[in-house]
Amino acid sequence: MPVLLYNTMSRKLEVFQPIHDTEVGLYSCGPTVYNYAHIGNLRTFLFEDLLKRTLLLSGFSVNHVMNITDVGHLTGDGDDGEDKLERMAQKTHESVWEIARFYTEAFFKDYDALNMIRPNVVCKATDHIQQMIDLIKRLEAGGHTYVSGGNVYFSIDSIDDYGKLARLNLDSLKTAVREEVEEDGNKKNSKDFVLWFTKSKHGQQAMMWDSPWGRGFPGWHIECSAMSMHYLGESFDIHCGGIDAIPVHHTNEIAQSEAATGKKWVNYWLHGEFLLDETGKMSKSKGEFLTLGLLIDKGFDPMDYRYFCLGGHYRSQLKFSFESLATARTARKNVYERIQNLLSQGAKQIELTSTAALAYKAAFLEHIQNDLGTPRTLADLWGVLKDEALDPSEKYSLCLFFDRIFGLRLDGIAAVRAEVFPQEALDLLARRTEAKQARNWPLADTLRAELDAMGYLVKDTPSGSSLEKKM
RNA sequence: GGUGCCAUACCCAAGUGGUAAGGGAAAGGUCUGCAAAACCUUGAUGCAUCGGUUCGAAUCCGAUUGGCACCUCCA
């Protein structure tokens, strides 16, 4: 079955066809490691994980490359831009290397907690300075660069299709420079961008390398071009990232990559939409800094956030609130409980053969392969769980199949809750049962309240009373 | 100022021409000493407003209103 993906370049749904048969080259713009990732950042990585899982389930092999931006990510695009890592280093009095390392580790901790499949290659910008210098040399040889004020710039007027991804209207952009943004007087065209810095107004950079243009550091955009081509070749299949990368970062990547090779660089561009909070766009500087760690501190499981993201389509803005997250948590727990019940009924993983089960599987594939229709597949999941015509093993097996996309760790659910209750709680429960038998309702209710205060829920069933740990 | 996106029930959210997925919340019921839990049932005659195209529109076109994003580091 074909996989349909929305390509930002064409603004259309396209049938996905890799360059090499069934092998897919996938590059995703990784994190900037000067701070924790917030849950909006993580949403984009979740979308990429879903994409990768969909390709894998569809029979492709995926070579996934992700970069770590540990240098050159400036707060501004002019030659006076300050490096985010440098600024954080000044604030915390740690070295930029320590900061980058710390937040890289923190990033992958979140990555694993959200059950995302790790990339095949994780590459740090600082390990690939030579590839960047080589690429700049090629651009220089091709007449696409100029040196001004000590920095090497890419000249967008040296190519004729600048801005094709974002469909930029260059004339109107030139006149729309905002007042508070200081113009970089070194640029011939205001949309030109820096490939190599040797000058920065903001003191000494800790990270500097020798280059043909002097000791300095690379611009942000060149890193993705250099590393993606290094690992995936001069033309590859998919490049993805957040929607904000379209007008500047990806636009500049395309310009320099295609100017250097003279070839079409990437065939499919996929972008994830933003997660919004109550005030609009989520940012690290405004309002509550929402990290996965904060969610966990508030009692949520990373899978709650994963389920929450599954509920919205990746190309739509999604509104985050703790209320919505709690909704997702309840829903997710209900799924887990139903699966637990299936296991209690003796459900096992089997090969699906019935017409009904195969129909569910086919519908699921159709939905996920249609531009990652995760909200629809969640509905498929509920349809399966509630369908009386399916037997427990069929339901369970379908759930596990679906989970190859969902990644909700449904395969880790055990048949019975292996919970051990403290003797104190069991004693209280026993006393309550006695009280009930003696029809001493006030005492029974008091004991129930005590257990509740201890964090245990009492469940009365026809076969007796039992405890459950409150979640 | 320029560009683009969106507007679906109490909330979140699918659905791009054929008569409104799903989840949560809520209500009712069964059960219960009473609760909780569990299980069952119920939900938009309508998809911001107005007009148009069509046999037929939430879905296409136009206008209006409202919200958001990007153009500046940002996932």
Side-chain angles (χ1 to χ4, degrees), chain A residues 11 13 28-32 34-35 37-48 73-78 81-84 87 163 166-169 171-182 191 220 240-249 251 271-276 279-286 307-308 310-321 323-332 334-335 337 341 363 367 373-383 385-386 435-436 439-442 444-445 448-449 452 457-462 465-466 468 470:
Chain A
R11 310 284 159 98
L13 231 41
S28 50
C29 282
T32 50
Y34 63 95
N35 204 337
H38 61 58
I39 57 174
N41 301 126
L42 294 174
R43 184 192 181 197
T44 299
F45 294 107
L46 238 16
F47 136 63
E48 291 160 354
H73 202 44
L74 306 178
T75 55
D77 200 31
E82 190 181 4
D83 191 289
K84 289 182 171 179
R87 190 165 64 179
R167 305 198 171 176
L168 299 178
N169 179 338
D171 293 332
S172 63
L173 276 172
K174 279 179 201 170
T175 57
V177 180
R178 288 241 222 128
E179 292 153 27
E180 64 265 37
V181 177
E182 203 180 320
K191 297 304 286 181
W220 173 40
C240 41
I243 196 164
D244 57 299
I246 297 171
V248 180
H249 185 50
T251 288
H271 294 94
E273 252 291 0
F274 275 136
L275 180 74
L276 307 178
T279 64
K281 191 184 75 173
M282 198 163 283
S283 78
K284 294 181 182 178
S285 53
K286 182 185 74 179
Y307 189 99
F308 171 78
L310 251 18
H313 191 260
Y314 79 94
R315 282 197 288 119
S316 297
Q317 292 178 341
L318 184 60
K319 275 178 266 181
F320 177 84
S321 67
E323 193 187 345
S324 294
L325 184 63
T327 291
R329 169 171 59 189
T330 304
R332 198 205 102 234
N334 287 339
V335 169
E337 266 179 37
N341 290 339
H367 294 142
T374 54
R376 201 45 247 258
T377 58
L378 235 31
D380 292 334
L381 173 67
W382 283 98
L385 290 170
K386 290 185 170 180
K436 277 184 71 177
R439 306 187 76 80
N440 185 348
W441 309 128
D445 289 349
R448 181 168 64 198
D452 185 76
L457 203 63
V458 177
K459 286 187 170 183
D460 289 336
T461 65
S465 301
S466 64
E468 186 177 296
K470 284 199 292 187

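Numbers restart at 1 for each chain; the letters A, B, ... are given by sequence-line order, proteins then strands. Below, all heavy atoms of this structure are taken into account, side chains as well, without hydrogens, waters or symmetry copies.
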Leu381(A) side, atom CG; Arg376(A) side, atom CZ - distance, nearest 0.5 Å:
12.0 Å
Whole angstrom value for the distance that separates C1' of C70(B) from CD of Glu273(A)
10 Å
Closest non-hydrogen contact found for Ala166(A) with Thr251(A) is CB-OG1, 3.9 Å
Nearest to the side chain of Arg448(A), heavy atoms from C-beta on, is which of C68(B), A14(B), G33(B)?
G33(B)
Side-chain atoms of Ala379(A) come closest, of G24(B), C34(B), A21(B), to A21(B)
5'-most contact on RNA chain B (nearest-nucleotide basis), Gly242(A) vs Glu323(A), goes to Glu323(A)
Here the distance between atom C1' of G4(B) and atom NE2 of His271(A), to the nearest Å, is 14 Å
Of Gly383(A) and Arg167(A), the one whose closest RNA chain B nucleotide lies more 5'
Arg167(A)
Just the rounded figure in Å: distance from C1' of G4(B) to CZ of Arg315(A).
14 Å
Looking only at atom C1', what distance separates A14(B) and A44(B), rounded to whole Å?
15 Å
Using 30° and 60° as the class limits, which term best fits the ring planes of Tyr314(A) and Phe47(A): parallel, tilted or perpendicular?
parallel
Phosphate OP1/OP2 of A36(B): any Lys459(A) side-chain N/O under 4.0 Å:
no
Got His271(A) and Ile246(A) here, is their nearest side-chain heavy-atom distance under 4.5 Å?
yes
Per Asp445(A) side chain, nearest of listed nucleotides C12(B), C34(B), A75(B):
C34(B)
Pick base, sugar-phosphate or nothing for His313(A), based on heavy-atom distances below 4.0 Å to the nucleic acid.
sugar-phosphate
Across every strand shown, the nucleotide meeting Watson-Crick or G-U wobble geometry with A35(B) (both distances under 3.5 Å) is none
Whole angstroms only, please: what is the CG-C1' distance between Asp244(A) and G4(B)?
14 Å
Nearest-Å distance for atom pair CG/C1', residues Leu385(A) and C39(B)
15 Å
Between A35(B), G22(B), A14(B), which nucleotide gets closest to the side-chain atoms of Asp460(A)?
A35(B)
Can you check whether Lys386(A) has a side-chain N or O nearer than 4.0 Å to OP1 or OP2 of G23(B)?
yes
Checking C71(B), A35(B), A14(B) against the side chain of Lys191(A) (C-beta onward), the nearest is C71(B)
Taking atom P of C5(B) as reference, at what distance in whole Å does atom CZ of Phe274(A) sit?
17 Å
For Leu276(A) versus Gln317(A), what's the shortest heavy-atom pair and its separation?
CD1-OE1, 3.4 Å
For atom C1', what is the distance between U30(B) and A57(B), given to the nearest Å?
43 Å
Between C1' of G67(B) and CG of Leu276(A), the distance in whole Å:
10 Å
Taking the side chain as C-beta and beyond, is there a heavy-atom pair between Thr327(A) and Tyr307(A) under 4.5 Å?
no
Paired with G4(B): which nucleotide, if any, by Watson-Crick or G-U wobble criteria at under 3.5 Å for both distances?
C68(B)
Report the distance from atom CD1 of Ile243(A) to atom P of U3(B), rounded to the nearest whole Å.
17 Å
Given C70(B), C68(B), A75(B), the nucleotide with the shortest approach to the side chain of Pro247(A)
C70(B)
Rounding to an integer number of angstrom, what distance separates G15(B) and C39(B) when you compare their P atoms?
29 Å
Remember a base hit wins even if backbone is also touched, and classify Gly40(A) as base, sugar-phosphate or nothing at under 4.0 Å, heavy atoms.
base
Suppose you measure atom P in G1(B) against the same atom in U8(B); what distance do you get, rounded to whole Å?
26 Å
Quick one: does any side-chain atom of Thr330(A) pair with a main-chain N or O of Ala326(A) as donor and acceptor, under 3.5 Å?
yes
Across the strands shown, which category fits Leu42(A) at heavy-atom distances under 4.0 angstrom: base, sugar-phosphate, nothing?
nothing
Touch class at under 4.0 angstrom, heavy-atom based, for Trp441(A) against every strand present
base
Expressed as a whole number of Å, how far does the C1' atom of A58(B) sit from that of A48(B)?
12 Å
Answer yes or no: does a side-chain N or O of Thr32(A) lie under 4.0 Å from OP1 or OP2 of A75(B)?
yes
Selected nucleotide, minimal atom distance to Lys436(A) side chain, candidates A75(B), G24(B), G33(B)
G33(B)
Considering only the C1' atoms, how many Å lie between C47(B) and G18(B), rounded to the nearest integer?
16 Å
Whole-angstrom distance between G28(B) and A37(B), as gauged at atom P
14 Å
Between C71(B) and A13(B), how far apart are the C1' atoms? Round to whole Å, please.
29 Å
For the residue pair Ser324(A) / Ser321(A), report whether a side-chain donor-acceptor contact shorter than 3.5 Å exists.
yes
When you measure from the side-chain N and O atoms of Ser321(A) to the phosphate of C12(B), is any distance below 4.0 Å, counting only OP1 and OP2?
no
Of the nucleotides C68(B), A13(B), G33(B), which one has an atom closest to the side chain of Pro375(A)?
A13(B)
Of A69(B), A75(B), G24(B), the nucleotide closest to the side chain of Leu275(A) is A75(B)
Would one find a side-chain N or O of Asn334(A) under 4.0 angstrom from OP1 or OP2 of G24(B)?
yes
